[in-house]
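Reviewing the structure listed below.
It should be emphasised that the depicted structure is a prediction, and the values quoted were computed from it without experimental measurement. Values reported hereafter were calculated over all heavy atoms of this structure, with side chains retained and with hydrogens, waters and symmetry mates removed.
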There are 2 protein chains.
Amino acid sequence: MIDKTLSEREQIREAGLKVTHPRMRILRLLEESEQIHLSAEEVYRILIETNEEIGLATVYRVLTQFEQSGILKRHNFETGHSVFELDRGEHHDHLLCIKCGAVEEFHDEQIESLQYKVSEAHNFKTIDHSLTIYGHCKSCQV
Amino acid sequence: MIDKTLSEREQIREAGLKVTHPRMRILRLLEESEQIHLSAEEVYRILIETNEEIGLATVYRVLTQFEQSGILKRHNFETGHSVFELDRGEHHDHLLCIKCGAVEEFHDEQIESLQYKVSEAHNFKTIDHSLTIYGHCKSCQV
DNA sequence: TACGCAAACGATAACGATTATCAATTGTTT
DNA sequence: AAACAATTGATAATCGTTATCGTTTGCGTA
Ligand SMILES: [Mn+2]
Ligand SMILES: [Mn+2]
Ligand SMILES: [Zn+2]
Ligand SMILES: [Zn+2]
């Protein structure tokens with residue numbers, strides 16, 4: 001959950017992490033990217049293109065740290081690699097186009113509460129859930 | 001979708017595959033296992049314990065073939081590996097205990113139809129979806 | 001039943017994403 | 001500015017899975 005009034009520097013501090021060049025650069029990148037959902041490799045590639053000398057290991061490490069401190073959300077779509085996005089505080093689920101890779105977001109309160117009901121009916125204590133709809137997006141239909 | 005009246009031999013034939021020893025053995029194992037959801041490594045380990053000389057590569061290959069021909073369903077829970085289960089014809093989703101690994105199944109027609117609505121609202125053509133609730137099962141709660 | 005041959009097998013190398021290692025560097029506190 | 005733990009980046013290692021390839025096998029045909 002991100003308080004948008006916090007600067008990158010403050011967010012990193014709040015996470016209990018030192019404010020280093022790689023961390024600042026990666027957080028800024030996530031905030032400024034057109035693409036909301038980015039993989040570690042994509043973040044790395046963007047850094048390289050910006051002539052940043054940041055190692056791939058650092059990218060993975062920082063993304064994981066940001067996830068653990070709540071700055072980022074990690075998603076394991078069925079693409080073989082994790083993707084990350086800033087935690088904007090509002091839970092949502094995803095529609096993923098299996099043709100072009102486009103990701104759309106949605107939130108449906110009814111689905112959420114029905115999930116909770118299901119969970120209760122099974123005496124299950126929900127911690128998290130993942131709902132992804134796979135298919136063809138509007139522009140990928142024939 | 002499995003026609004339960006078909007023997008293993010017939011199911012494999014229907015899939016357009018030769019009836020080989022490894023395929024028969026793996027299909028039978030899936031049908032006779034207490035555990036509904038099994039990973040490739042688990043299938044391999046069970047075969048080894050039964051003194052079957054079936055290679056790990058063959059296990060992966062056969063599971064994938066069975067999936068492609070509709071005999072099995074593959075799930076990518078957030079466990080780092082795929083798990084497989086017989087396709088019993090009735091779609092369902094899962095509750096996964098992150099403590100003991102137990103998997104429970106559920107089906108909620110309301111959730112299904114709401115997902116369809118969401119999909120429609122986004123001009124999205126649904127092909128598949130994956131809904132998994134993560135948490136603590138009844139026996140893992142303090 | 002034996003033959004022929006594509007299909008399938010199993011050992012193992014290779015792969016892609018991710019994590020671990022470790023010497024050198026850097027941020028923060030004094 | 002010194003001191004020192006935290007962090008970095010190059011790279012080795014790991015893990016689940018897939019590709020390779022010489023050998024074996026299922027099965028349609030003679
Ligand atoms: Mn999202
Ligand atoms: Mn199931
Ligand atoms: Zn698309
Ligand atoms: Zn449990």
Could you tell me the separation between the CZ atom of A/Phe77 and the C1' atom of C/dA17, rounded to a whole number of Å?
17 Å

At under 4.0 Å, does any side-chain N or O of B/Thr64 touch on OP1 or OP2 of D/dT17?
no

In terms of heavy-atom contacts, does CD of B/Gln141 have more than 12 from other residues, nucleotides or ligands at under 6.0 Å?
yes

Using atom CZ of A/Arg13 as one end and atom C1' of D/dA6 as the other, report the distance to the nearest whole Å.
14 Å

OP1 or OP2 of D/dG9 sitting under 4.0 Å from any side-chain N/O of A/Thr58?
yes

Verify the neighbour count for atom NZ of B/Lys99: are there more than 12 heavy atoms of other residues, nucleotides or ligands below 6.0 Å?
yes

Which one of A/Arg28, A/Arg13, A/Arg23 satisfies the salt bridge (charged side-chain N to carboxylate O under 4.0 Å, His left out) criterion with A/Glu8?
A/Arg28

Separation of D/dT11 atom P from A/Tyr60 atom OH, nearest Å, is 17 Å

Name every residue in residues 48-55 of chain B that has at least one heavy atom under 4.0 Å from any atom of DNA chain D, in order of residue number, or write none if there are no such residues.
none

Take A/Tyr134 and A/Phe77 through the test side-chain contact (heavy atoms from CB on, under 4.5 Å) and record every step on the way to the result.
CA-CA 9 Å; A/Tyr134 297 90; A/Phe77 300 142; 4.2 Å; yes

Under 4.0 Å, counting only non-hydrogen atoms across every strand here, what does B/Ser39 touch: a base, just sugar-phosphate, or nothing?
nothing

Enter the inter-axis angle for the ends of the helix from C/dT1-D/dA30 to C/dT30-D/dA1 (five pairs per end, rounded to 10°).
30°

Looking only at non-hydrogen atoms, find the nearest pair between A/His122 and B/Glu105 and report the distance.
CE1-O, 3.4 Å

Flag the pair A/Leu56 / A/Glu41 as yes when at least one side-chain heavy-atom distance between them is below 4.5 Å, and no otherwise.
yes

Might you confirm whether atom CZ of B/Arg45 has over 12 heavy atoms from other residues, nucleotides or ligands at distances under 6.0 Å?
yes

Donor-acceptor pair present, A/Arg23 side chain and C/dG27 base, under 3.5 Å
no

For the ring pair B/Phe106 and B/His92, is the centre-to-centre distance below 6.0 Å?
no

